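A short write-up of the structure that comes next.
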Amino acid sequence: MSRINKPRIKHKHSRVNLSKPLNFTFDGKPYIGYQGDTLASALLANGIKVMARSFKYGRPRGIVGSWAEEPNCLVQIDMGAKTTPDLKATQVELYEGLVAGRTSGWPSLAFDLKSIGGHFSRFMPAGFYYKTFKWPAKFWPLYEHVIRKAAGYGASPIEADVETYDHKHHHTDVLVVGGGAAGLLAAQLSGQCGASVILLDDQSEMGGYLLSTPNTTIGGKNALEWRDSVITELQSLPNVQILTRTTAFGLHDMNMIQAVELLQDHLPHHQRNAIQRRERLHRIRANKVVLATGAFERPLVFGNNDVPGVMTVSALATYFNRYGVACGKHTLILTSNDSAYQAVADLAAGGVKVTLADVRDNINAEWDAHFKQLGIDVFTGFGISEVLGSNSVTGARLSKLHPTNPMENFEKDLLRRRVVNVRDISCDVIASSGGLSPTVHLFCHDGGRPTWSDESLAFVVSANGRANAGIYCVGAVTGEFQLQKGLEKTVQTTQEMLASLGKSATNTMALNTNEIAPNPTKAIFHIATSKKAFVDFQNDVAVTDIQLAVRENFKSIEHIKRYTALGFGTDQGKLSNVNGFAIAAEALGKTIPEVGTTTYRPAYTPVSFGALAGAHVAETFEPRRYTAMQASHEQFGAEYETVGNWMRPWYFPQNGEDMQAAVNRECLAARNGVAIMDASTLGKIDIQGKDVREFLNRVYSNSWSQLASGKCRYGLMLNEAGMVMDDGVTACITDTHFLMTTTTGGAANVLNWLEKWHQTEWTELEVYMTSVTDHWATASLVGPKSREVLAKLCSDIDLNKDAFKFMEWRDGTVAGVPARVFRISFSGELAYEINVDASYGNYVWQALMAAGKAFDITPYGTETMHVLRAEKGFIIVGQETDGSVTPLDLDMAWAVSLKKPFSFIGKRSLARSDTVRTDRKQLVGLLTEDPTIVLKEGAQIINSSNISPPVAMFGHVTSSYYSAFLGRSIALALVTDGFKRRENVESIFAYAEGKAIKAKIVSSVFVDAEGARHHG
Amino acid sequence: MFVITCPHCCEAREEEEFHYEGEAFIARPVDPEAESDEAWGDYLFTKKNPKGWHWEMWNHATGCRKILVLKRNTANHIIAGSWTLSDARKEYDNERATA
Amino acid sequence: MAKSLSNIELNLNQFSPIAQSALQHFNLSARQEKVSFEKGVWANETPPAGYIRLRGNAQNPVFLAATQAALGAHIPCLACTSIKTEFGSLYWLSIDEWLIVTSVESRATLQAKLEQSLTGIHSLVADQSGGMTTIKVLGKHAADALSHCTVYDLHALNMGKVVGTSFGKLSVFLCADHDGYRLLFRRSFADYIWRYLERAAEPYGFAIANLS
């Protein structure tokens, strides 16, 4: 047996290709690793020990784990727009040119300012931040800034992400989460009987822990051969989909599993494909879920257990067997169970000097003989009381453990009895195993709870405990830590699962392994020490912190967690939680199951915002609905406003105008000449049937019994609480056919509302409705000259003011296109709304522009529309109303017909004690004393300019504009007892942004109160 | 993220296709004007909101646009069934008669 | 294909109306290619069509008879089914709602026939020709691309089946043809749906199909 002399070894089962070296940098320094390495294995192979500084005390930290459980080594990968903070070095696949930075250590890894504070760590106990930085509250942002900088964690990218992401939806019979031995077997059995199967695993290749323990045999094959044979078969099955680098991070109701796949992060930049996504979020709806999520090894807790070079046994074995990295020349292994023994044997056989300490008094004879043969020193009944070394492990002090309570310090007792109790061992790596903690997270995301197993010394889930929900568990997650038994049970559970799908499977593979039957694990979680013993490395939570929390009377584990920060952080306590629960239980004098677990919530591991957003970014961030006239609007330089999902022209700045100048010009054109607006976005509902009138009578507050064909009426829609919910003009096409318009934003809501009443309450009414919003493109032609413009394009409608009156509609032809023309007005001017098949919308718009050229026709947007309607005192639902405003509050009693026989929606509520009050907030107009001042919308109405609190507020400004037509500002407001104040022309103040502006309460109609213009 | 079976489309569909429409079988009073303010207020605002089985309406918004009824357990999200409005009414009445 | 409308001088004495697709600005016809195996996903807008929304009580034999008289075919009454007829296609949308797709030229006649046949019968007939857009998606990865866009289980979409489901944050009617998929949706959704589909299809290789 040759002794190893450098970390990188040739290992026949290693997954690392030593013929493919890769250059990379860490913390600014260049290194070489190999294809197949993770950043962690490559750094370890380069002899790097200190890779991080701890969160609170700035203590040097090294790698502890080998995958998602790693608490210490968070790195910043890449730079600029592609940078990603806080990845675990253990999960970063190495590629040529990888740039990794540290995320902690301020000012440097070698020297962290906090480590000075660390010497005073007894002054920084649990709850330190809560206790210390509480006062004064206004200084918290300052404290926070400094604490955050000192604490570590990476930097968020400040440039926009240049990578892309997407979502994919799946529907499958069986989803197997985890591609270790049990998961592979479950997928194979499921695939063989024809079920659609998705098998996913978070690592770069399937195999799970088999990759770390190649000397194990299954059915006479070594673990890797067995794995290969199963994968080969799975790949040959068309009904099986295999996803690697895919982490299932959430299990939601009815077996909706979310999993994120890393598609390109493992590739060097020049090999990344620009049209491929960086990450893909899979949303998998599975009929049955098989959780084969395995387990993480939990370390034992002992003094100075955070010195770089202390890790878990499974991590040590993984680096050795999978990556061909010997983390040290002389390894000390401390264990409470037999699962560490294979690693001990593998390392010793591979040339590493190994010393074994087992906290148990006896060791399995078969293993003992094997260890003797390998020349391994074995100490039974010993634990590590303290690690020696500061920046890296130089040795350890072994202490004889108390025979009944290993967590108790009984050195004095032993000294008295002259027992050899302490041995100092020199070594450069220490690995410990306190048993396995099943990865129960997914099982618990939608309400499942793990149970404590005394036999497994772990929180476990049962194989079929949630079978009625379609969730089955196989392998180590069930607490079955022996491979052969685990595989045998996997067959059984998978068969049960498949039977529930009406399928049957027969296992034809030999599943016998070469495992040696293990002795029971000893229930030990921490070893007595006078040194700092860390439970949670990422949050610097020590045993004493948990004990202190209990002394301070925290009793619930959820509270202890939050007080100490146990299990917070990017690793979410994968290594630390169970130890923490056990230490809390001990301090509380309770059993572990009595203490229970904290709650496991998604996400299992951190998920990027990019993956969550998927396609919902940039052009496809939110739906943008466009009208048929969009090309014309673009041509005319529109600025847009989103209304609902519609992109509506807001205003059309010409020749460098600002918004106010454009709006002034547009308003004056509408009042004095002719202007044109795209009104296509208004909701349009076609309603047909013999009971349409009755239906309208019920859903609108006004009456529809008399409206004749060819005529239109404004309608006000209330909810059942009597509050205004929508409005619009509805036309009578025939006695059994009406066309309703709704607000742009309310269209979908109104159609659902009408359908709901029809389907649930008034099924007897013969009406059908359908949305024709998109069918009709609508141009509003507005202004004194609008008739002349329309006349140029329309010869088959008599446009004479007496032949085609206000609030009437006509069918005809506009610019050669069949059109329905409404003479309605939301501006108070003579106006026509021209509706055509949207395919011709842009053509007709252009025709109207051409016809209006001689009159300087002016396109206008929503802002001008708002000014024009406010000048007339017309409301906008959602601006003048907010769900607490009745028609009477709006002074719109004229739109409420209390005489209709059927009690229309909202009617009864108008008679409730609160709605009949005469001093409710009512809609009035406001004119500022200084006509140049435009009030802020949302300004509070107050009584005087004295704004020292308390100030009584009795209303607010709902709309406020500068009216170019009037040459002054105008506003609308909802004001308590407004109608009476209006009568008295009361003066009030509108307060916003530090200013109280004087105004008087007036009528809300500012222009043409008698309506001469729109009748013109 | 439920799976809801639409009794009209005769198929199990993802929750994204549906909108929640509130408690089922709140009948509108026949003569609202005859209701006291209190009774009318109850009709408007008082909902059962149980922990446990709940009869509720959903709208198959992207699909058939019909209202359907679910009996769903609000504590664990188990759906006992979904029906058309009229079929659900029978189930609901039966349940109340035998309760 | 429609001419561009920009800067045209309208003759106000003699009109020649021009119809435009909601996808006009993507200039699809100029970019289309012959469908091949080189790309995973192909799509294009189908030619303009006439769309009629029909509603009525499928339990009412009078309604069924009247529609059959007008259409010369039984409207599909099985959930989520569609049929092809002489004049085009008939899609089941709901228990009392159908979409009739026919040629632009025959839409008005067909609609008039329906309206006449259904006079006095509880029903609704509405022209939606201006308000609907149809995209055809095909290619060996068509289903993959669509699975990025919709929550519907595409395995369950047999030929001729039509379902109303999600597409991104909007909704579409999705139908399986013998050679791919058909998406029918509101005109104003077109820009978003096209962009969303194109983005989803990109990783599989995407091109604009010559559908003729």
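This structure is a prediction, so every number in the text was calculated from the model and none was measured. Every chain is numbered from 1 and lettered A, B, ... according to where its sequence line falls, protein lines coming before strand lines.
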Contacts of residues 16-30 of chain B with chain A (heavy atom under 4.5 Å):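 So far as heavy atoms go, B/E16, B/H19, B/E21, B/I26, B/A27, B/R28 are the residues that approach chain A to under 4.5 Å.
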Out of B/E15, B/E35, B/R89, return the one with the most heavy atom pairs under 4.5 angstrom to chain A.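 Most pairs with chain A among the choices: B/E35.
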Nearest 0.5 angstrom please: [X] [atom1] to [Y] [atom2], how far?
| X | Y | atom1 | atom2 | result |
| --- | --- | --- | --- | --- |
| B/Y43 | A/E720 | OH | CD | 4.0 Å |
| B/M1 | A/N255 | CE | CG | 12.5 Å |
| A/S913 | B/E38 | OG | CD | 10.5 Å |

Which residue out of A/K907, A/M256, A/R285, A/H252 racks up the most heavy-atom pairs below 4.5 Å with chain B?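 Ranked by heavy-atom pairs under 4.5 Å with chain B, first place is A/R285.
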Contacts of residues 754-762 of chain A with chain B (heavy atom under 4.5 Å):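 The list, in residue order, reads A/E755, A/K756, A/W757, A/Q759, A/T760, A/E761.
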How far apart are the C-alpha atoms of B/E14 and A/H169, what are their side-chain angles, what is the distance that settles it, and do they pass the side chain to side chain contact (heavy atoms under 4.5 Å, CB included) test? CA-CA 11 Å; B/E14 294 290 321; A/H169 301 96; over 6 Å; no
For residues A/S903 and B/E33, report the shortest heavy-atom separation together with the two atoms involved.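 Reported closest heavy-atom pair: OG-OE1, 2.9 Å.
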Per-residue contact mode, [X] against chain A (heavy atom under 4.5 angstrom):
| X | answer |
| --- | --- |
| B/L85 | side chain |
| B/N59 | side chain |
| B/S36 | backbone |

What part of A/A911 gets within 4.5 angstrom of chain B, counting heavy atoms only: side chain, backbone, both, or neither?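 Contact with chain B is through the backbone of A/A911 alone.
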Any chance you could lay out the side chain to side chain contact (heavy atoms under 4.5 Å, CB included) test for A/M254 and B/I79, step after step, and finish with the verdict? CA-CA 10 Å; A/M254 299 177 192; B/I79 294 172; 3.4 Å; yes
